[in-house]
Amino acid sequence: MSYPTLHLRAETKPLEHRSALTPTTAKALMDEGYPVNIERSSLSIFPDSEFEKVGANMVPEGSWTEAPTDHIIVGLKELPEETFPLKHTHVQFAHCYKGQGGWEEVLARFPRGGGTLYDLEFLQDEQGRRVAAFGFHAGFAGAALAVQAWAHQLVEGAGKPLEGVKPFANEGLLVADVKKSLEKGEHKVGRKPRALVMGALGRCGRGAVDLLQKVGVPDENIIKWDMAETQNRPGPYPEILDSDIFVNCIYLSQPIPPFIEPAQLNSEQRKLSVVCDVSCDTTNPHNPIPIYDINTTFDKPTVPVKVTAGPPLCVISIDHLPSLLPREASEAFSDALLPSLKTLKDRKSTRVWQEAEKLFDDKVKTLPQEKLQK
């Protein structure tokens, strides 16, 4: 049996410290028989020395572009915005299957170079659930920033946006930091926030609820909505406006009515002051929170929403929230992905990879012909 070489590329997205492979999973793959190349990285939460310690073959940062075509390139976030054709098989999040802005240019690079995309978002088990996801830590981190933004608005006022944040070494440090912010906000208004979590039963929603509970938001202040609350009642939902914080954790798979609309925001009765769109379908034409149009970053976590009445309102729309807890998020994700990675040598006959390749082929067929020209 021939084992393809797996090549972990270094992430290039600013402040992206997560990794698709960890020293533990890299060693497990090597023990299985896979040659594993690890690009040196100045961003990864895992120092090069941790990979060296388990015997991984270290290669220069960015060297994936010159790797032999039969090497499988493993990464997390989307590639830099280049135009050269892609000749390898890539395992990554590409964000180009749901009509996102620029999806045609992103996807067309693969067929133009003879490459293949196995999109991590669409690797599914027999029950149709994703084999690996960052959802829990995305919700956890998103709710953390939402609480901090709520407190910051109360203490500092709307004219001073929430300052940039940096990754935390572990969950305990993040929880302690959020508790401090919460205490300041509570001291200002004499109460803790009321938060509505949409998609509360999913991985992401469970993470958001867990954070809120761990920092001391009372259970009666945490409104947990899921399919039962919305399936027979299309939005928009005035209950969102009655909460201080709204955390959106749904997985958008089809067009749905908006949860909130701009016209609803200009009301003196509105309590809502912070929206954290963990789902972050910013450029999706069916974004159910059409009150903002840019992604925010860890350097600038919030974007203000123009309102003429009620309290100040801001949105958090960071598309790599789990990087706030990069080590724990990477370890959980990579461990869940490992069983599928071990079957890459048999990918042409293994269901999870067969389905991923069929989806890729189907999406390529929707590309305009001119996008496929080299």
Side-chain angles (χ1 to χ4, degrees), residues 13-17 137-168 173-198 208 211-212 215 217 240-241 243-249 259-262 264-268 270-283 287-326:
K13 192 180 185 73
L15 301 179
E16 180 53 84
H17 302 287
H137 288 95
F140 196 95
L145 293 182
V147 171
Q148 289 184 317
W150 173 80
H152 186 84
Q153 284 184 341
L154 293 173
V155 175
E156 302 292 344
K160 188 177 179 183
L162 181 66
E163 296 178 353
V165 294
K166 294 183 178 180
F168 289 79
L173 293 175
L174 173 60
V175 169
D177 197 61
V178 177
K179 280 184 175 180
K180 289 180 183 178
S181 297
L182 183 61
E183 289 170 1
K184 293 178 182 178
E186 183 179 5
H187 179 74
K188 191 76 174 179
V189 294
R191 63 178 180 85
K192 289 184 170 67
R194 175 182 169 92
L196 192 154
V197 179
M198 186 71 81
L211 177 284
L212 293 168
V215 300
V217 177
I240 293 174
L241 304 181
S243 301
D244 301 292
I245 295 169
F246 173 50
V247 185
N248 178 40
C249 294
F259 295 150
I260 48 179
E261 293 181 317
Q264 295 178 279
L265 303 177
N266 298 311
S267 167
E268 292 289 351
R270 173 177 55 83
K271 297 184 178 70
L272 181 69
S273 63
V274 178
V275 172
C276 181
D277 191 5
V278 181
S279 303
C280 216
D281 288 297
T282 312
T283 63
N287 180 9
I289 308 177
I291 63 172
Y292 75 101
D293 58 7
I294 64 168
N295 283 357
T296 61
T297 64
F298 286 124
D299 283 339
K300 297 180 180 179
T302 63
V303 58
V305 178
K306 186 176 181 179
V307 292
T308 58
L313 177 62
C314 68
V315 172
I316 298 166
S317 57
I318 299 172
D319 66 1
H320 58 133
L321 280 165
S323 204
L324 198 62
L325 287 171

Do you know the tightest heavy-atom contact between [X] and [Y]?
X: Gly142; Y: Val278; value: CA-CG2, 4.3 Å
X: Gly185; Y: Val155; value: N-CG2, 4.2 Å
X: Leu313; Y: Val274; value: CD1-N, 3.9 Å
X: Leu196; Y: Ser243; value: CB-OG, 3.6 Å
X: Gly310; Y: Glu268; value: N-OE1, 3.7 Å
X: Ala149; Y: Thr302; value: CB-CG2, 4.3 Å

Worked check of side-chain contact (heavy atoms from CB on, under 4.5 Å) between Ile245 and Val217: CA-CA 12 Å; Ile245 295 169; Val217 177; over 6 Å; no

Donor-acceptor contact present, side-chain Arg270 to main-chain Leu241, <3.5 Å: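 Not confirmed, Arg270 side chain does not pair with Leu241 backbone.
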
Taking Gly164's backbone N and O only, do any of them form a donor-acceptor pair with Asp299's side chain (distance below 3.5 Å, no angle check)?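 No; zero donor-acceptor contacts below 3.5 Å.
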
I need the [X] [atom1] to [Y] [atom2] distance, nearest 0.5 Å.
X: Ser317; Y: Ile289; atom1: OG; atom2: CD1; value: 9.5 Å
X: Trp150; Y: Lys184; atom1: CH2; atom2: NZ; value: 13.0 Å
X: Ile294; Y: Thr282; atom1: CD1; atom2: OG1; value: 9.0 Å
X: Ile318; Y: Ser323; atom1: CD1; atom2: OG; value: 10.0 Å
X: Gln148; Y: Leu174; atom1: CD; atom2: CG; value: 7.0 Å
X: Thr308; Y: Asn266; atom1: OG1; atom2: CG; value: 3.0 Å

Taking the side chain as every heavy atom from C-beta outward, state whether [X] and [Y] have any atom pair closer than 4.5 Å.
X: Asn295; Y: Thr297; answer: no
X: Leu145; Y: Phe298; answer: yes
X: Glu163; Y: Val165; answer: no
X: His152; Y: Lys160; answer: yes
X: Thr296; Y: Val315; answer: no
X: Lys13; Y: Asp319; answer: yes
X: Phe140; Y: Leu324; answer: no
X: Lys271; Y: Pro311; answer: no

Under the criterion side-chain hydrogen bond (donor to acceptor under 3.5 Å, both in side chains), I'd like the reasoning laid out for Asn248 against Asp277: C-alpha separation, chi angles, the key distance, then a yes or no. CA-CA 5 Å; Asn248 178 40; Asp277 191 5; 2.8 Å; yes

